Amino acid sequence: MRLSRYFLPLLKETPSEATIASHRYMLRAGMVKQDSAGIYIWLPLGFKVLKKIENIVREEQNKSGAVEILMPTIQSAGHWKETGRYDAYGPEMLRIKDRSNRELLYGPTNEDMITDMFRTYVKSYKDLPQSLYHIQWKFRDERRPRFGVMRGREFLMKDAYSFDVDLESARLSYNKQFVAYLNTFDRLGLQAVPLRADAGPIGGDLSHEFLILAETGESKVYCHSDLLDMKAPGYVSEKDLQKVVDSRTSFYARSDEMHDQTKFEKIPENKRLVARGIEVGHIFQFGDKYSKPMNANVQGADGKVNPVMMGSYGVGVSRLVGGIIEASHDEVGIIWPKSVTPFGVGIINLKVGNDEVDKVCEDLYEKLKNSNIDPLYDDKNDRGGQKFARMDLIGLPYQIIVGPRGLGEGVVEVKVRLSGKKMNLTLEEAVNFIVNEYTSET
RNA sequence: CGGGGCGUAGCGCAGCCUGGUAGCGCACCUGUUUUGGGAACAGGGGGUCGCAAGUUCGAAUCUUGCCGCCCCGACCA
C-alpha cells in the first residue's frame with residue numbers, strides 16, 4: 001500500500017479521554033474512531049489488525065475440530081425466556097422492540113439460541129461430540145464503557161459451544177479448547193495465563209479464564225511464576241490432552257475473587273507472582289444448565305434420553321487489539337507482533353522526487369509485495385522526522401529507510417522497531433532479511 | 001449505580017466569574033525557502049460557542065430544562 005493513497009488519519013496530540021496506552025495509540029495511529037460511548041468505527045489500520053487476530057483465532061478453532069457457523073446479532077427474547085435468563089441478565093442486555101412490538105435483543109452471548117438450534121437437529125449420541133463456534137459482534141450495555149476497545153459496549157467475540165453425551169466426553173471438549181487457547185494466544189505474541197475461575201453469570205462447574213499480564217489490567221493475578229515459562233503445546237493428541245491441561249492447572253493461578261492466601265503461600269517465595277492482567281478468554285463447562293430447561297436431549301447407546309452436556313468458550317477478539325498494544329508498546333508508539341501487524345514492513349522514502357531514491361523505493365516495494373510481505377510505502381512528500389515518528393507510532397515491526405546519503409554508499413537502512421537496531425544493507429540483502437524474518441519462524 | 005467534571009474549528013485549549021457579536025497552538029490550503037528524527041516565514045479557509053426555552057437593547061458568558069461525553073469507585077468478556 002502506498003501511504004499517499006491510504007486512509008490513515010493520525011493525531012499528533014492525544015485526545016483527552018484516552019488514559020491508557022492502547023486507547024491513546026489506537027486513536028493517535030488512526031485505528032479507531034469513537035462514535036458513541038463504547039462504540040467504535042474501525043478505520044483501515046485497526047480493521048486490518050482486527051481481521052488478522054480474528055483469522056488466527058479461527059485457524060486455531062478449526063485445528064481443534066470446532067466448526068464455524070454464524071448466528072445473528074439480533075435475537076428473539078423467546079429463547080431467553082425459556083432459560084429464565086431474560087429476567088436474570090439485567091440491564092446490560094440491550095432490549096429492543098420491533099414494529100410489531102415483538103421483543104428482541106442485541107445478543108450479549110448465544111447459549112440460548114444455539115441450544116435451540118441444536119435440539120431441533122440432534123437427537124442421537126451418534127452425532128456427538130460436536131463443537132460449533134462463531135465470530136460475531138456482541139453488545140453489552142456496560143454501565144461504564146472505558147479504555148477504548150478494551151471495554152466497549154459493542155465488541156467482536158469468538159464464542160464456541162460444545163455438545164457431548166456425558167461429562168467425561170465434555171471434559172475432552174473442554175480440554176481441546178483449553179489447548180487451542182494456549183496456542184492461539186501464543187501465536188498472537190502473548191503470554192496468557194490460565195486462571196481457575198468462577199463460572200459467573202453463565203453458570204457451570206469447571207471454568208478457566210485466560211489473562212495477559214499488563215500493568216493496566218483490570219484484574220489482580222496471583223500465580224506461580226513457572227507458569228509463565230511454559231511454552232505453547234502446539235498439536236496435542238487426544239490421549240495427551242488431560243496431561244497437557246494438568247501441567248498448567250496444577251500451578252496455583254487465581255484472580256482476586258478466587259484467591260486463597262494460604263494456598264498461595266505454599267509457593268516458594270521467589271516464585272510468587274502478583275500482577276495485573278487483562279482477561280482475553282474465558283471457558284466454561286456447565287453441563288445441562290441450558291439443555292435441561294430447553295429439553296435439548298439426546299438418546300444414548302443404552303436407549304436412555306438425557307440432556308446434552310455443554311460448554312462454552314469465549315475469546316474477546318476486539319479486546320485483544322487493545323490487549324496486544326498494552327503488552328507491546330513503548331513511549332513513541334505501538335510495537336506489533338509479526339503475526340498481527342497491519343503491514344509487514346514500512347518503506348520510508350526520505351527524498352520523494354529524487355530519481356534514484358524513488359527508483360529504489362519502487363523496486364523494494366514491488367519485490368516485497370511479490371514476496372507477500374505487504375509493505376506500507378511512505379511515498380508522501382513530508383520531512384524525514386515526521387516520517388520516522390509516524391512509522392514508529394503505527395508500530396510496524398520493520399522499517400526500510402531509503403535516502404540519498406545511504407544510496408551514495410549503495411545501502412539502505414533496515415530498522416527493527418522492537419530493539420531499535422539499525423543495519424545498513426544492500427537492497428537485495430534488505431529484501432532477503434525481511435522475507436527471512438517472516439518465514440524463519442511460524 | 002454512587003461521586004466528580006466537561007461540551008467553544010478535525011485535535012488540544014483560552015474566553016464565561018464582571019453580557020457588547022469569538023481567539024490561541026497543532027492540523028488543513030497557497031506561495032517561497034527548506035528537507036536523515038514531528039521545519040521557517042508570509043498569506044488563507046474552516047464555528048448556527050451541544051440543543052431548547054427564558055432574562056436582556058444585546059447571551060459563548062446569566063437562569064431553567066434536556067442531550068451527549070469523560071474521569072474515580074462498585075460491577076463486567
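Chain A is the first sequence line, chain B the second, and so forth, proteins listed ahead of strands; every chain is numbered from 1. These numbers come from a predicted model, not from an experiment.
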How would you list all residue pairs meeting side chain to side chain donor-acceptor pair (under 3.5 Å) that involve residues 18-32 of chain A, not counting sequence neighbours? A/Ser22-A/Glu326
So what does [X] hit on the nucleic acid, given a heavy-atom distance under 4.0 Å: a base, only sugar-phosphate, or nothing?
| X | result |
| --- | --- |
| A/Lys33 | nothing |
| A/Gly353 | nothing |
| A/Arg151 | base |
| A/Gly403 | base |
| A/Leu27 | nothing |
| A/Gly281 | nothing |
| A/Pro108 | nothing |

For [X], all residues meeting salt bridge (charged side-chain N to carboxylate O under 4.0 Å, His left out), sequence neighbours excluded:
| X | answer |
| --- | --- |
| A/Glu428 | A/Lys367 |
| A/Asp288 | none |
| A/Glu366 | A/Lys369 |
| A/Arg119 | A/Glu82, A/Asp116 |

Can you tell me how far [atom2] of [N] sits from [atom1] of [X], to the nearest Å?
| X | N | atom1 | atom2 | answer |
| --- | --- | --- | --- | --- |
| A/Leu94 | B/A77 | CG | P | 18 Å |
| A/Arg390 | B/G36 | CZ | C1' | 15 Å |
| A/Phe139 | B/C76 | CZ | P | 18 Å |
| A/Arg319 | B/A77 | CZ | P | 8 Å |
| A/Lys380 | B/A27 | NZ | C1' | 11 Å |
| A/Asn424 | B/G36 | CG | P | 17 Å |

Considering only the [atom1] atoms, how many Å lie between [N] and [M], rounded to the nearest integer?
| N | M | atom1 | result |
| --- | --- | --- | --- |
| B/G5 | B/C76 | P | 28 Å |
| B/G44 | B/C24 | P | 12 Å |
| B/C62 | B/C17 | P | 5 Å |
| B/U61 | B/A22 | C1' | 11 Å |
| B/G25 | B/U64 | P | 36 Å |
| B/G19 | B/G12 | C1' | 27 Å |
| B/C51 | B/A9 | P | 11 Å |
| B/G47 | B/G7 | C1' | 14 Å |

Atom pairs under 3.5 Å, N or O on each side, protein against nucleotides 8-10 of chain B: can you list them with distances?
none

Closest-nucleotide mapping onto RNA chain B: is A/Arg28 or A/Gly316 further toward the 5' terminus? I mean the 5' end. A/Arg28
Given that A/Lys387 and A/Val149 both sit by RNA chain B, which one's nearest nucleotide is further toward the 5' end? A/Lys387
Can you tell me if A/Lys52 uses its side chain to pair, donor with acceptor, with the backbone of A/Thr341 under 3.5 Å? yes
Side chain of A/Lys387, backbone of A/Asp379: donor and acceptor closer than 3.5 Å? no
Output the residues of residues 41-73 of chain A in contact with RNA chain B, where contact means a heavy atom of the residue under 4.0 Å from an atom of the strand; sort by number or write none. none
Checking B/G36, B/G38, B/A74 against the side chain of A/Arg143 (C-beta onward), the nearest is B/A74
Given B/G37, B/C11, B/C26, identify the nucleotide with an atom nearest to the side chain of A/Phe388. B/G37
Taking a pair as Watson-Crick or G-U wobble with both distances under 3.5 Å, which nucleotide is matched to B/U61? none
Checking base pairs now: Watson-Crick or wobble, both atom distances under 3.5 Å. What partners B/C13? B/G23
Which pairs, protein N/O on one side and nucleotides 66-72 of chain B N/O on the other, fall under 3.5 Å?
unit_1: B/C69; atom_1: OP1; unit_2: A/Ala37; atom_2: N; d: 2.9
unit_1: B/C69; atom_1: O3'; unit_2: A/Gln34; atom_2: NE2; d: 3.2
unit_1: B/C70; atom_1: OP1; unit_2: A/Gln34; atom_2: OE1; d: 3.4
unit_1: B/C70; atom_1: OP1; unit_2: A/Gln34; atom_2: NE2; d: 3.0
unit_1: B/C71; atom_1: OP1; unit_2: A/Glu17; atom_2: O; d: 3.2
unit_1: B/C72; atom_1: OP2; unit_2: A/Arg144; atom_2: NH1; d: 3.4
unit_1: B/C72; atom_1: OP2; unit_2: A/Arg144; atom_2: NH2; d: 2.3

Determine, using ring centers only, whether A/Phe47 and A/Tyr40 are less than 6.0 Å apart. no
Name all residues meeting the side chain to side chain contact (heavy atoms under 4.5 Å, CB included) criterion together with [X]; count only those two or more places apart in sequence or in a different chain, and write none if there are none.
| X | answer |
| --- | --- |
| A/Ser339 | A/Ile56, A/Pro337 |
| A/Asp141 | A/Phe139, A/Arg153 |
| A/Phe7 | A/Pro9, A/Leu43, A/Pro44 |
| A/Ala66 | A/Gln61, A/Ser64, A/Ser131, A/Tyr133, A/Gln177 |

With hydrogens left out and only the distance checked, is there a donor-acceptor pair under 3.5 Å joining A/Asp392's side chain and the base of B/G37? yes
Do the side chain of A/Lys415 and the base of B/G36 come within less than 3.5 angstrom through a donor-acceptor pair of N or O atoms? no
Exactly one candidate in A/Tyr365, A/Tyr6, A/Phe343 meets ring pair (Phe, Tyr, Trp, His ring centres under 6.0 Å) with A/Tyr377; the answer is A/Tyr365
